[in-house]
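Take a look at the structure set out below.
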2 protein chains.
Amino acid sequence: MQRPTIKTIAQETGLSIATVSKALKHSPQVRPETRAIVIEAAERVGYELNMHGVQLRTGKTYQVAAIMTAPGPKQNEWEGVEYAQLLSGISWALEDSPYRVSLYAVRNFEESQAVIKQIVSLKKADGIIISGTRADDPRIRTMQAADFPFVTYGTSIHNAPHAYVDADNEQMIRVSMARLTERGHRRIALLNPLSDLSYGITRLEAYRHALDVAGLPYDPALVAHGRLTPAFGRENVLTMSELSNPPTAYICANEASALGAFSGFHERGLVHGRDAVINATDDLNVSQYFAPPITTYYLPISEPSSLLGAYILRRMEGEPPEALQTLLMPNLIERCDDRLNPNR
Amino acid sequence: MQRPTIKTIAQETGLSIATVSKALKHSPQVRPETRAIVIEAAERVGYELNMHGVQLRTGKTYQVAAIMTAPGPKQNEWEGVEYAQLLSGISWALEDSPYRVSLYAVRNFEESQAVIKQIVSLKKADGIIISGTRADDPRIRTMQAADFPFVTYGTSIHNAPHAYVDADNEQMIRVSMARLTERGHRRIALLNPLSDLSYGITRLEAYRHALDVAGLPYDPALVAHGRLTPAFGRENVLTMSELSNPPTAYICANEASALGAFSGFHERGLVHGRDAVINATDDLNVSQYFAPPITTYYLPISEPSSLLGAYILRRMEGEPPEALQTLLMPNLIERCDDRLNPNR
DNA sequence: ATGCACGATAAAAACGTTTAACTTTCTTGT
DNA sequence: ACAAGAAAGTTAAACGTTTTTATCGTGCAT
């Protein structure tokens, strides 16, 4: 038994395939009574739209490409794991639409650039979602030049306007720094993502500004940029804690590096709260299980991910990018008092 | 300027589109010289195969559906994060093929069942990859009944034969238990996944068998089943450590629950190595950053994931499932001596 | 010379849908 | 009563492939 097509319905109802097609997509050209007949027949024969026909005819793919930059296959680090939740969040946001998430895993920035060029020029998707945005991101420029719908997870600094979702890194660092300086800290380390990433820059600027406000000097030795793995957190604690004037607080850009920082504490015999404290940004609600639990800025990953999905849908509908820009402020969850220990 | 099609090449070369099509797919019906002309023209005009035409004509989708069971959107736990790496591994394995990974995020088992039925009956993909297999898995039966190509991450017990990749849980538990009993442990807790999952059953059976071999009694109070979140690890340590005869070793099924177990230790004032030890299975190389680092069975997630990709390709080629079954033995990484502390 | 098989290419149909252009019927205003 | 126009359907073409079938020379045996 063959799968029914609009032709089947046409025969079944005695109408032409054109009318059937129009009826099914609620064209005003067909009378409500006729539509009812078509709908009934469609249900009776178990009709389901065949996307391949639609795709060929209309050129639409009904695919949203999610570009996922993950380290090479031989790399097995706790990095980019929040992608799983991000993807499922996007996927759920598209659930009631005809769109599907099509995954493009790339190893690095260059590869993502190439993949995006291909998707755009060969129209392998109708929309693109990327992350890991840079201050001036050539991928964004590619998509903008082709007028291709996209949303970024992360802002860019020089490519506005475009649709984006991000955590409010500026505010987060500002609040975080104010809170720590208020509690007596004068040597605060910043464990930052790779320096070409837009949010790395935002965080660094906010950090420096906060230092200014607090009247504290900027010490480059307290700032590190790198891939946010546990190894990164660990190694920086190991080196920074050996400074003649070591930091009394570490601000980690994610949970992975915070975990690594703890590992560094353990190695050096440092005790959290006594010798120094760790604050982090947390997407996965995992910092509460650290020993001890730490203060975090918690943004449930489901929020940005469902926004990304919603935004790409609206962007593909033609909504202007200016209306699709959101900075989300994570929740401050204080699990330690984080005061500077005076007799350290 | 329009995107070139085989028609473009046909005009360019003076051949018919049929010949062009055949030439491009290396049909023996066309002379090598003719083929060369076609290839040359194709490159000159920058021809790229339009999949929509192919899909409509052949009915193939060139999509591999990856079913990803992740907890609902409102749940923001560290769970299933290894999926990110799994997906990218699969995606890379398909890189040189025309296939793409199409993501289907589902909330629970029932939903995955429905989604799979749909993919199979409407042929929305050419192959399926699932995980979270059960002892007798109705999804597998669905796909088998329709003779639909699939590979599972995880074994099933009653649905053989089918293509699968999994860690060798039986051996892992056997070795793990032998090692711990050898070191004096007589109260060993097992933090297991949900009891309907196939690997949960395998692990439990291996555990009970190992107890028998060691002449130790089976105590249900030392076995827990649940979703492998940090919360799960933590709560079980909290309750089990209060037993009159508490465990001196915990075997955790993943890193998330191991992290939670540590959190439980901290809460109860237990010290790893003194009061009890934790062993875990680790996909993401993260246990080395625990304080202290723990002994783990480490299986880089890239291995099973690239196998999954390779297997689904071969399965779609028609290779019989019996040839596509692999159990991978994780590497034992001893980071503690894990001996029972006699004066605990 | 005639017929035949074969090799190489061309013609045409088909996959399922959308949509521009056309036809028919009905309504309406004069 | 009739033209004009709207409403509701139909016809036919088109999207880019693959594949079955047809065509056309050419070489070969008879």
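This one's a predicted model, so the numbers in the text were calculated from it and none came from an experiment. Quick note on labels: first sequence line is chain A, next is B, and so on, each numbered from 1.
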Atom pair distance, as rounded to whole Å: CG in A:Leu24 and C1' in C:dG16: 12 Å

Residue-phosphate contact under 4.0 Å: B:Tyr62 side-chain N/O, D:dT17 OP1/OP2: no

Nearest-Å distance for atom pair CG/C1', residues B:Asn50 and C:dC15: 14 Å

Interatomic distance, B:Leu56 CG vs D:dT18 P [rounded to whole Å]: 12 Å

Between C:dT17 (P) and A:Lys22 (NZ): distance, integer Å: 16 Å

Side-chain donor-acceptor pair present, A:Tyr83, A:Ser131, cut-off under 3.5 Å: yes

Reported CE-to-OG distance for the pair B:Met68 and A:Ser91, which is rounded to 0.5 angstrom: 8.0 Å

Any N/O donor-acceptor pair, B:Arg31 side-chain to C:dA8 base, under 3.5 Å: no

Touch class at under 4.0 angstrom, heavy-atom based, for B:Lys25 against every strand present: sugar-phosphate

Distance-only donor-acceptor test (3.5 Å): side chain B:Lys60, base D:dT18: no

Residue B:Ile17, side-chain atoms from C-beta onward, closest of D:dG9, C:dT9, D:dT17: D:dT17

OP1 or OP2 of D:dA8 under 4.0 Å from side-chain N/O of A:Thr19: no

Value in whole Å for how far the C1' atom of D:dA12 lies from NZ of A:Lys7: 14 Å

Shortest side-chain distance from B:Ile6, nucleotide among D:dT18, C:dT17, D:dT10: D:dT18

Rounded interatomic separation in angstrom, taking NE2 from A:His52 and P from C:dG16: 10 Å

Closest-nucleotide ordering on DNA chain C, the 5'-leading residue of A:Thr58 and B:Thr58: B:Thr58

Any B:Ser21 side-chain N or O less than 4.0 Å from OP1/OP2 of D:dT18: yes

Residue-phosphate contact under 4.0 Å: B:Thr5 side-chain N/O, D:dG16 OP1/OP2: no

Whole angstrom value for the distance that separates P of C:dG16 from CD of A:Glu48: 14 Å

